[in-house]
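Scroll down for the structure; my scribbles are underneath it.
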Amino acid sequence: MGGEVVGAAWSLHDLRKILVRKGFPPDMSLEDRVLISWREAGSDSWPDRTRKRRATAVAMTAGLIGSAVFLIVIGSEDAFGALTFASQASGFLLFLAGVTQFLAACAVQDYWGKRAMRYSGMLILVSVFIALLVHSMLVAIWFKEMEFTPWVFSYVPLLVWSLWASWLVVREKVWRGTPHPRQVTAGVLVTAVIAGANFAYSAAYQPYATHPQVTLSAEFGTPQLDPRESVIHIPVRFSLQNTGKVSTMILGSEFQVLGRFSAPETGEMGMDGVREDAVSDTDSELYAGLQKRILIMTGLIIGPGDWFDPGTGHVKEVTVQVPKEAPYESLEVHGDVTVLRRDRGRVDNAFQYPRWSWKKGKTDIFECPPKKCGDYVLYVGKLTHNNNIINVTRRQRYVFARRQLGDESFVYTFIAPLNSQGRVSYKYESEETYGMATVPTGTVVIPYATVLKTAT
């Protein structure tokens, strides 16, 4: 009226209601050319197809509500639970996008109805484009691995719906009548770019830019002789420090104390046995034969599941008992700790509880029967990526730490999904994805002659 849009009429009845609301008499003539100007139609011609219009409104509303619920669910996980600002920011953007789509779902009834709200069409347009961008990104990420996840039954149908909805809103030019449509569209594009940049930073750049900075050292203490048993007690001290800026979680650790001995050689044969030394990965010596090592003591430096904030650490001291008359040339100690950046992923509390291979049914998830692999302890925990977009486009990941027992002890830590039989898949995850790193002590050696000399 007077060049201003005051509503939409789909029938003669709707038109009279608008006119009455604007102060015109209810029985005014609709053929009065002085008051009413008809364009390409007349009072007896109406384009409304009630069933089609209502069906379109129902389909649009259902899609917007479905997309809104999906975005709020996956966005709130990061917005209120992520440990990094980038992940929280992208989570809040998804959360707000979901709220916007809820508002747009309410605006659908107005736009495909009376059109009393000036911004209903633009709100629907923005929400549909948000759905198209987000669900296209999710499907593209999912196609990279093409792993089964229940979430795929959400964003794939929503992508199909958003393609149809985008075609519809462009065809009907729903932005007509909205003030400053270009500025609104520009704001939406800027928001989408920010969300994409935050995702790229938190999911791709961060793992390669900042690695866990953890130091681990080992040292022998002063030996003590026990005269009653002719046994030497040798203290060993391990020191673990988080010197970086990121909290870390312990996935696995182990230390070994070894006794080294070899048969003496005269040196007349030269550097003999170099082939055997190379195969056993030991140093070659002129006056010593093939080196042998015996495991004297092994254990954990720290239990799986513990975590450390920057600037904190852990110290463990053990005492090694060695007979005074032992035929060792030297004692060696080494160890390592495998850590996970806590801002890259979270492991559930089940990882702290060990599973023993000799307990029936406790390690069935790991395809390594005790008769073949010997005795071992297994730690298993669900791993959640700090960016929930990764979680909804991939299968559930698990952290596994296997500690082999006996003379050939070792600790092996890795991240992998489960296969179709519910057992460990051999499709291991790259360590960089979750900021996982193994920190060694190096090998510390003390001559056994020094042990005997300093033992008091």
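Starting from 1, each residue takes its place in the sequence as its number. Please read these numbers as outputs of a predicted model, since none were measured by experiment.
Contact detail for Ala131 and Trp161: the closest heavy-atom pair is CB-CZ3, 3.8 Å. When all heavy atoms of Ile234 and Pro223 are compared, the closest pair comes out as CG1-CB, 4.2 Å. Between Arg342 and Thr248 the shortest heavy-atom distance is CG-C, 3.8 Å. Across all non-hydrogen atoms, the minimal contact from Ile296 to Gly259 is CD1-N, 3.5 Å. In terms of heavy-atom proximity, Ala68 sits nearest to Gln101 at N-OE1, 3.1 Å.
Using modelled atom types, no side-chain atom of Gln396 and backbone atom of Leu418 make a donor-acceptor pair closer than 3.5 Å. For Asn388 (side chain) and Asp78 (main-chain N/O), no donor-acceptor pair under 3.5 Å exists by modelled atom type. Distance alone, capped at 3.5 Å, is enough to place a donor-acceptor pair between the Ser253 side chain and the Ile302 backbone. Of the possible polar contacts, none joining the Thr312 side chain to the Phe308 backbone as a donor-acceptor pair under 3.5 Å is found. A donor-acceptor contact shorter than 3.5 Å is absent between the side chain of Ser67 and the backbone of Gly63. With hydrogens and angles disregarded, no donor-acceptor distance shorter than 3.5 Å links the side chain of Thr149 to the backbone of Thr393. Remark: the backbone N or O of Arg397 is not paired with any side-chain donor or acceptor of His385 at under 3.5 angstrom.
Residues Val445 and Arg260 are not in side-chain contact: their nearest non-hydrogen atoms beyond the backbone lie 4.5 Å or more apart. For the pair Arg344 and Val246, the minimum side-chain heavy-atom distance is 4.5 Å or more. Taking 4.5 Å as the limit, some side-chain heavy atom of Tyr448 sits within range of a side-chain heavy atom of Ile232. Leu216 has its side chain out of reach of Pro440: every pair of non-hydrogen atoms, C-beta onward, lies at least 4.5 Å apart.
Here ring-ring contact (aromatic ring centres under 6.0 Å, His included) pairs that include residues 218-255, with residues two or more places apart or in two chains, are Phe238-Phe255. For residues 387-417, the ring-ring contact (aromatic ring centres under 6.0 Å, His included) pairs, not counting sequence neighbours, are Phe400-Phe414, Tyr412-Phe414, Phe414-Tyr428.
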query: Between Ser409 and Gln256, is a side-chain hydrogen bond (donor to acceptor under 3.5 Å, both in side chains) present by the stated rule, with each step listed?
result: CA-CA 9 Å; Ser409 68; Gln256 291 185 349; 3.0 Å; yes

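Under 3.5 Å, the side chains of Gln109 and Thr61 contain a donor-acceptor pair of N or O atoms.
In this pair, Phe148 and Phe153 present their aromatic rings perpendicular. The plane angle is above 60°, beyond the 30 to 60° band. Ring geometry, Phe80 versus Phe92: the interplanar angle exceeds 60°, so the pair is classed perpendicular (tilted spans 30 to 60°). Using cut-offs of 30° and 60° on the angle between ring planes, the pair Phe261 and Tyr328 is tilted.
The only member of Phe129, Phe70, Tyr155 that meets ring pair (Phe, Tyr, Trp, His ring centres under 6.0 Å) when paired with His135 is Phe70.
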